[in-house]
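Notes to accompany the following structure.
All of these numbers come straight from a predicted model, not from anything done at the bench.
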Amino acid sequence: MSKSNQEFAEAKVRAHIVSEPEARRTTAGTWVCRLMVERAVGPASRPVRIALYVKGEIAKRCGFNLFRGDLIEAWGEIGPMRDGIGHQEILVADGAVKLRERGRRAAA
């Protein structure tokens, strides 16, 4: 069966991590990691904020090897808008996060 008619929305993000990554295991034992990134587009008072949710083995590595200030590149499926969330969420596939530049805070 061809998947060419299925709807999807994907995004590629290249931005700095703005808070420490949050890695944990689910009750099922799967690693998940939340990365908050920000891109300074438009007025400085309203930068674009995006939460990246990574799962699988890469989530464990992201949680312990990435730091606030690192420039990363990631791609994944745009998640649904949820009530009470003031930013977009992207669900990142395993292996779809790359460190592009170590931040100054991480090097210290």
Discussion item. Assess the residue pair Arg14 and Leu71 against the criterion (side-chain contact (heavy atoms from CB on, under 4.5 Å)); give the C-alpha distance rounded to whole Å, side-chain angles, the decisive distance to 0.1 Å, and a yes or no.
Written reply: CA-CA 7 Å; Arg14 185 177 179 115; Leu71 178 66; 4.1 Å; yes
Which distance, rounded to the nearest 0.5 Å, do you find between the [atom1] of [X] and the [atom2] of [Y]?
{"X": "Arg34", "Y": "Ser19", "atom1": "CZ", "atom2": "OG", "answer": "6.0 Å"}
{"X": "Leu99", "Y": "Asn65", "atom1": "CG", "atom2": "CG", "answer": "9.5 Å"}
{"X": "Arg25", "Y": "Trp31", "atom1": "CZ", "atom2": "CH2", "answer": "5.5 Å"}
{"X": "Ile78", "Y": "Glu89", "atom1": "CD1", "atom2": "CD", "answer": "11.5 Å"}
{"X": "Ile72", "Y": "Cys62", "atom1": "CD1", "atom2": "SG", "answer": "7.0 Å"}
{"X": "Glu57", "Y": "Thr30", "atom1": "CD", "atom2": "OG1", "answer": "11.0 Å"}

If you look at every heavy atom in [X] and [Y], which pair is closest and at what distance?
{"X": "Arg102", "Y": "Asp70", "value": "NH1-OD2, 2.6 Å"}
{"X": "Ala23", "Y": "Gly63", "value": "CB-CA, 3.5 Å"}
{"X": "Ala51", "Y": "Met36", "value": "CB-SD, 3.5 Å"}

Worksheet item: Is it true that Lys98 and Glu73 make a salt bridge, defined as a side-chain N closer than 4.0 Å to a carboxylate O?
Response: no
Discussion item. Closer than 4.0 angstrom, basic N to acidic O: yes or no for Glu20 and Arg68?
Written reply: no
Worksheet item: Counting only N and O atoms by type, is there a donor-acceptor contact under 3.5 Å from the side chain of Glu77 to the main-chain atoms of Ala11?
Response: no
Discussion item. Let me check something: do Leu66 and Val92 share a hydrophobic cluster, defined by ILVMFWY side-chain heavy atoms less than 4.5 Å apart, either directly or through other members?
Written reply: yes
Worksheet item: Does the side chain of Val32 reach to within under 4.5 Å of the side chain of Val54, using non-hydrogen atoms?
Response: no
Worksheet item: Would you say the side chain of Arg49 lies within less than 4.5 Å of the side chain of Val18, judging by non-hydrogen atoms?
Response: yes
Worksheet entry | Candidate list Ile50, Ile90, Ile17, test side chain to side chain contact (heavy atoms under 4.5 Å, CB included), partner Leu35, passing option | Ile17
